[in-house]
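Labels below follow one simple rule: chain letters A, B, ... track the order of the sequence lines, proteins then strands, and each chain is numbered from 1.
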Amino acid sequence: MLSESKTSTTTAKKPRVLVAMSGGVDSAVAAALLVEQGYDVIGVTMQVWDYSSNSCDIQEGNGTCCSSIDVDDARAVADKLNIPFYVINCEAKFQAYVIDDFISSYLEGRTPIPCVNCNTYLKFDHLIQKMQELECDYLATGHYAQVTTSPTGRPAIQTSKDDGKDQTYFLFTLNPKIIPQLLFPIGNMEKSQVRKIAESKGLDVAKKKDSTGLCFIGKEGHAQFISKHVAPELLNPGEVKLYPSGEVLGTHQGIHQFTYGQRKGMGIAHNEPLYVVKLDPRNHVVWLGEEKHLFAQKLVLKNPNWLDEMISGEPLRIKIRYHHRGAQAILKPVGDRWHVYFDEPQRAITPGQAAVVYRSSQLLGGGWIESLEKK
Amino acid sequence: MPTSEDKNEKILGLLSSEPQPYLSPNKRVYLDHNATTPPDSSVRENILAWLEQWGNPSSIHWQGRGPKSLMRDSRKKIAQGINCNPLELVFTSGGSEANNLALKGVYLHHQEQSPCLRNHYLFSAVEHPSVKKTLEQLAQRGAQVESIPVNRQGQIDLDFYAKKLTEKTALVSIMYANNETGHIFPIAKMAKMAHKVGALFHCDGVQALGKALVDVRNWQVDLASFSGHKFYALKGCGMLYVRQGLNIPSLISGGGQERYRRAGTENVLAIASLGEVFNKLKDLPGAIARMEELRRHLESQMLQSIPDIEITGKAANSKLGDENILPRLPNTTSAIIRGVDGETLLMNLDISGFSVSTGAACSSGNPEPSPVLLAMGLTRQEAQNSLRVSLGWSTTREQIDHFVEVLTNVVQRLRACSNMLRQNESE
């Protein structure tokens, strides 16, 4: 801290940061740290979902990112930090890029990750625009991720210090041009440390529980959500078949209820435990098989986004879902797709999820899983 | 690998811990007086003395006398100020309650008659939500409710109004002036028309106090609502003028306060402050003239230095001139700044130290463009590009000049931003 007399001679303008505040503890601490570090901090919350016309009730809303209670929590933190705070309405954009895509993915037999689209089209697109409009130098979020420089000297994203919390999986669509403008103030911390800081700064959200699951889906679950939000004629019933024989085991009320690797909720008795091993949206067929049929060694990636260059044939670490530890694989470009060959067969590679590529702890990018090939 | 921490540490050494100037209250320029006003200096000076009168004004003992007398003095001063009898005033919690009391009160009054002969209600399309939503509520309970159109120039359709008035009309509710654009409606003329068919007339006068000379007798209204905090008094107090001879039921049941017209222990402090500000009425003509001159200056500077800008309803000036009233409040400017999102503009002005609004404060956080501007026939885009500036008694020319300078720069920058964005998208 500088003394009074010195500050008056300081001519340097404080760098201004726009910080995305969800109402949770991570982004609250991110904002608090930026204030402490001397930035000119502006807080924003994106209102993405209309709680009044949808069914998140007060109890459910606690600890998710969509309830208006969270907006109030974010505002309370901003007031405590004495920073300006605004709510930016993004409901239309969220509906178009996140909800609509979420619903159509399930209807087409894929299992989507709406958080990636929310990051791509809302946090790191809409907020980058707001950041420029508000003359900010940086955009900060409470992501568990770190901004670094790659060995080749490029701005890069590195996994968080807290392995269990690392959120780089959701950041593979980032435009590499904006990396120098990003700050992740808690990316070099463990979650427990973040909570301690929140407590020491007297932030009310210090003990707030972590958000789990999707912010716009309540207790009802995704299948209920989808049947409530689409026309009934789009939810086609169909047959449940045994893989690979094709024996009909029963019927189902729409493939949107299923995801690869799912075991529960089939209502079908069989001597072996059965899993969803394949979804065929064209014929509305859900294929069940034994656990061994869940394994595949190759997948096809579409719409890739790369943050750095790769060396041909380089062994890299690939995560095929958020909670996946990552498996070694080799990538080959084939037209506008990339083929990924794993060293070991992987369980339940799921179309609609992302395959995210790392070199050691550096995020290289990734793409969407289009299909897989069983061995 | 160097981490983001290094970047932070580099910056850390350079920075002062001094808060940004826009966060210091004494460095801010407040141009949102239609949302609320700062308490007058006389209120600040007397507030501790009033606080000594903490007794219940209904108490028979000694402690009741002080607060009772504060209320009596206040009521008298206010009555003189708006030209009515002190007993014609019902203190409420504010303007919204006064509007609710007027509309629901008249509705209940008519429902109690049997048969109910009058069940038709008229209001302008640009009324405050406390009028509009109350009437919507009454419509759900069987009232026949119709709104009178207001055009882009801020003029109310008097021909439509004349056609709609019938002997079934119970009440007409028209605001003295619109809170978003400042347009003033011909209250006396409209009240006279309502009375010809035997209907009652209510005026939401919340935006009138402090910006116009208020005279409820001259307005010839039966009911009129006012709010303390829009008039340099404290929040939490307002009042409804109820013309002598008109009996409307209380909406808040309980004790006998306000002659059984509004139960509940009175907000003595706020009521005292409202009476106090009425001492300033003699200065009002001067304040109105000053604000009007500053507003003229503001608008001419904005039109001069910002391209593609339109002052909403500015052309109306000459039309209503012969009504012997100001066509617009002297302090309000609503402008369409094309190509600039009003919310983003507001945020930028806020972090530059200026407090303005995009519409009514009660709907802030609401993404929908102002219903008032839409009702006046502005497009959604125009409504989203709108900014409201409302001056007050203490606004200075320097503040206006500084505001226009910053506004011009911000508008220029935001337009450049959106041009860049459009180019990037087309690439």
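- Residue T344(B) holds its OG1 atom at 7.0 Å from CG of L134(A), rounded to the nearest 0.5 Å.
- Remark: K132(B) NZ is loosely packed, at most 12 non-hydrogen atoms of other residues, nucleotides or ligands lying under 6.0 Å away.
- Proximity to chain B (any heavy atom under 4.5 Å) is restricted, for I42(A), to the side chain, taken from C-beta onward.
- Heavy atoms of V17(A) lying under 4.5 Å from chain B are absent altogether.
- No more than 12 heavy atoms of other residues, nucleotides or ligands sit less than 6.0 Å from atom OH of Y121(A).
- Remark: D341(B) CG to Q129(A) CD distance equals 9.0 Å, nearest 0.5 Å.
- Using a 4.5 Å cut-off on side-chain heavy atoms (C-beta onward), M347(B) and I88(A) make contact.
- Rounding to the nearest 0.5 Å places CG of D40(A) at 7.5 Å from CG of L23(B).
- Between the CZ atom in R16(A) and the CD atom in Q20(B) there is a gap of 7.0 Å [rounded to 0.5 Å].
- We find the CG-OH distance between D350(B) and Y86(A) to be 3.0 Å, quoted to the nearest 0.5 Å.
- The line from CD of E133(A) to CG of N348(B) is 7.5 Å long, rounded to the nearest 0.5 Å.
- Around OH of Y97(A), the count of heavy atoms belonging to other residues, nucleotides or ligands within 6.0 Å does not exceed 12.
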